[in-house]
Amino acid sequence: MTTSKKDYVVVVAIDFGTTYSGYAYSFRDKFLKDKKNHLAHIIVNYWNSGGDFLSEKTPTTLLLNKNKEFVNFGYEAETKYGGMSEEERKDHYYFRRFKMMLYDKEGQKLKLTRNTVLKDIRDKEVPAIEVFAHSIRHLKDHFITTFTNRNVQMSIFPLDSSVIWVITVPAIWDDSAKQFMEEAAEEAGISKNSIRICLEPEAAAIYCKWLQIERDDELLKVMKPGHRFLVIDAGGGTIDMTMQEVRDDEKLVEICRAQGGDWGGIYVDAEFKQMLENCISKPVIEGFRMKHTGDYIEMFRSFEQKKREKLPRKNVRIYIPLTLLESVDNIDKLNEDQGLKESVKWARDKVHINVQKFKEFFNNVIDKIVVKVEGMLVSDTTQNTKTIIMVGGFSASEMLQQRIKDCFPSCTVVIPPECGLAVLKGAVLYGHDPDIIAARIMKYTYGVGTNTKFIENKHPESKKKLINGEEYCTDKFDVHVEKDDLVHCNEETEKTYFPIYDDQTSVKFKVFATDVMDPQYTDDKGCREIGSLVVPMPNTRGGTNRKVVAKFKFGASKITVTGIDETSKKSVDVKLDFLEETG
């Protein structure tokens, strides 16, 4: 159950990104008084990155002491760690860009659980949920302090009833990652009843919807009823794509399951790093990372800035620490051996990379993005979609923008103002009005395990079991909703079941999920038990004719399951657990 709309004072959205994070907020009373122009009332926190420069987000970087206690986050963590001696660094934990650990690409990574650990920049381990909780707690506490100082006449305490906290997650994340973020937020001191999970591309779509209302921008006329559009949310770690349609009631409906992959801006950094390793050698680069960590961080901060700047005509100059160059003999000879003599020049504390070579760092990830966009636009469900909206920090890249425009000339490509803040501001709007998202495409098939009458030549003999004198087929997957089904928010599915024994006083349901379209049995490959519930049935007078109902409810971005004894009308809810350790 979420916080009642009547109770809250303010909505705070936390955009926890791979590369950068931040928060924004707005007041409920201002939203109710001026919905049309509410974007102007959303307050974004700005961070001091050093000197006179203020940034709308701060690096997703966490510094802990030797006891794994919080020291700093963001720019302060980078500065503190960079200024430490080598001995001091050994006694600290330094994490950066760790959000991508939650992205499980086709099950290739270790299953995410509450016991999953993260490695810091020196490969020292800390429980992942502690790393995320420390980070979210800092953003939460920073908001409370800032808000209190700015609004001395207004109280937001108790927080549980005064604040709705919206936490953004990529739409392509699986359920375990979403649950992990929610539990990390709880550990950070945010009440579960105050948390709303918002899918990032949906937040971006909401932002553009509001922008169209506020500006009446001709480019955003796609936000009018009946129109469809593709949102590309290009972040630091993942690329999220979702297809939306505007209904007649102005609400948004997902018409194609969210797709994407780990093709964000940090993989451009990986290409640059690969060039360094090819030229200088991987052992030298790794040794430099361990011995001169502060310089290593500064080098990639310089590269990050160059990624976002408008390309010069000839060469891109990137800072290279002297501590790295001093550890290399005859850099020019190594450069020539790699065939880089004409495209890469080393001079003092800089490397000059010609523009054509610099563009090559982007080609691999952009190629993958283009292929995925093409696949989404040609599917049967997305025909006649002629507008692409690009948001997210990586969408600010002129190379990515140009490739999308060149490859899809029949589409209008819209890059809204403040595209890097689209998700953050859209998440605030979602907090005020979560019902604006009317329906979503199911990512998994959900159902319960049952016993059904055994049918010869249909059910396998291995599933036959004699129960109460009758032959049953065990472990049958009874589907409640199937992968790729369109399900409206707050829609319910329910099915009726019966006890097997006359004197049975309870029924146990096991809840399963799978990415298979039509699963047959709960022990099929890919099926996972995600929860169970026991429904008491104390009145046995009806024998095996008594009814028990299993009800699935598909809320905002969550699923709840309830079991109901029709005789007593008593119900039991199950907590779906995607983070449980399995053997």
Side-chain angles (χ1 to χ4, degrees), residues 13-22 57 60 97 99-106 166-178 180-181 197-209 228-245 252-268 365-377 379 382 385 387-397 400-401 403-404 408 413-416 419-427 429-430 437 440-444 484 556-557:
I14 295 176
D15 184 10
F16 195 89
T18 300
T19 312
Y20 291 96
S21 297
K57 292 184 181 179
T60 307
R97 299 181 174 182
K99 177 185 171 184
M100 279 304 292
M101 183 276 300
L102 299 188
Y103 176 56
D104 183 10
K105 185 180 180 182
E106 299 173 357
V166 181
I167 298 177
T168 65
V169 300
I172 57 173
W173 272 10
D174 64 14
D175 287 322
S176 61
K178 295 174 188 176
F180 182 93
M181 286 297 285
I197 298 295
C198 181
L199 306 183
E200 290 167 3
E202 288 186 352
I206 294 168
Y207 169 79
C208 293
K209 181 93 177 71
R228 293 180 171 185
F229 57 94
L230 173 67
V231 177
I232 301 176
D233 177 18
T238 56
I239 303 297
D240 240 357
M241 302 177 198
T242 183
M243 194 77 69
Q244 300 278 344
E245 181 176 320
L252 300 174
V253 177
E254 185 181 33
I255 60 171
C256 181
R257 183 162 47 88
Q259 298 184 46
D262 52 345
W263 316 314
I266 63 172
Y267 297 97
V268 179
V365 291
I366 292 179
D367 287 346
K368 292 178 179 178
I369 295 168
V370 167
V371 168
K372 183 59 71 173
V373 172
E374 186 175 36
M376 291 193 75
L377 290 176
S379 69
T382 60
T385 302
T387 304
I388 298 173
I389 299 174
M390 297 180 63
V391 299
F394 192 25
S395 284
S397 163
L400 178 57
Q401 292 177 9
R403 279 286 298 280
I404 296 296
F408 305 100
V413 178
V414 180
I415 299 101
C419 67
L421 289 176
V423 169
L424 186 55
K425 290 191 173 185
L429 295 167
Y430 175 82
I437 302 295
R440 294 185 176 89
I441 300 293
M442 298 306 299
K443 189 172 183 179
Y444 299 103
D484 290 338
S557 55

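Numbers for residues simply follow the sequence, beginning at 1.
Minimum interatomic distance between Asp174 and Lys443 (heavy atoms only, all atoms of both residues): N-NZ, 3.7 Å. What you find for Ala204 and Val231 is that their closest heavy atoms are CB-CG1, 4.0 Å. The heavy-atom pair separating Trp173 from Lys99 by the smallest distance is CZ2-CE, 3.4 Å. In terms of heavy-atom proximity, Ser395 sits nearest to Ile232 at OG-O, 4.0 Å. Of all heavy-atom pairs spanning Thr242 and Pro201, the tightest one is CG2-CB, 3.2 Å.
Glu245 places no side-chain N or O within donor-acceptor distance of the main-chain N or O of Ile255, the cut-off being under 3.5 Å.
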Thr387/Ile389 under side chain to side chain contact (heavy atoms under 4.5 Å, CB included): CA gap, chis, key distance, verdict
CA-CA 7 Å; Thr387 304; Ile389 299 174; 4.2 Å; yes

Mind running side chain to side chain contact (heavy atoms under 4.5 Å, CB included) on Ile369 and Ile404 for me, showing each step along the way?
CA-CA 9 Å; Ile369 295 168; Ile404 296 296; 4.3 Å; yes

Hey, mind stepping through Phe408 and Val413 against side chain to side chain contact (heavy atoms under 4.5 Å, CB included) and telling me if it holds?
CA-CA 9 Å; Phe408 305 100; Val413 178; 5.7 Å; no

Determine, stepwise, if the pair Asp240 / Thr238 fulfils side-chain hydrogen bond (donor to acceptor under 3.5 Å, both in side chains).
CA-CA 6 Å; Asp240 240 357; Thr238 56; 5.3 Å; no

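For the atom pair CG (Asp15) and OG1 (Thr168), the distance works out to 3.5 Å, reported to the nearest 0.5 Å. Between Lys425 atom NZ and Ile206 atom CD1 the span is 15.0 Å, to the nearest 0.5 Å. Atom SG of Cys419 sits about 6.5 Å away from atom CD of Gln401, to the nearest 0.5 Å. Annotation: the span from Tyr444 atom OH to Asp484 atom CG amounts to 12.0 Å, rounded to 0.5 Å. Note: Leu424 CG to Glu200 CD = 10.5 Å, rounded to the nearest 0.5 Å. Note: Cys256 SG to Gln244 CD = 10.5 Å, rounded to the nearest 0.5 Å.
Taking the ring axis of Trp263 as reference, the NZ or CZ atom of Lys372 does not stay both within 45° of it and closer than 6.0 Å to the ring centre.
Two residues are said to be in side-chain contact when any heavy atoms from C-beta on lie closer than 4.5 Å; Leu252 and Lys209 meet this criterion. Residues Leu230 and Met376 form a side-chain contact, since some pair of their non-hydrogen atoms from C-beta on lies under 4.5 Å apart. With a 4.5 Å cut-off on side-chain heavy atoms, Pro416 and Val391 count as touching. Taking 4.5 Å as the limit, some side-chain heavy atom of Ile266 sits within range of a side-chain heavy atom of Met100. The closest side-chain heavy-atom distance from Ile239 to Phe394 is below 4.5 Å. Residues Val371 and Val373 form no side-chain contact, since every pair of their non-hydrogen atoms from C-beta on lies 4.5 Å or further apart. Residues Thr19 and Thr60 fail the side-chain proximity criterion, which asks for heavy atoms closer than 4.5 Å. At a threshold of 4.5 Å between non-hydrogen side-chain atoms, the residues Ile388 and Phe229 do not count as touching.
The pair Arg403-Asp367 counts as a salt bridge, with a side-chain nitrogen and a carboxylate oxygen less than 4.0 angstrom apart. A salt bridge does not link Lys368 to Glu374: none of the charged nitrogens lies less than 4.0 Å from a carboxylate oxygen.
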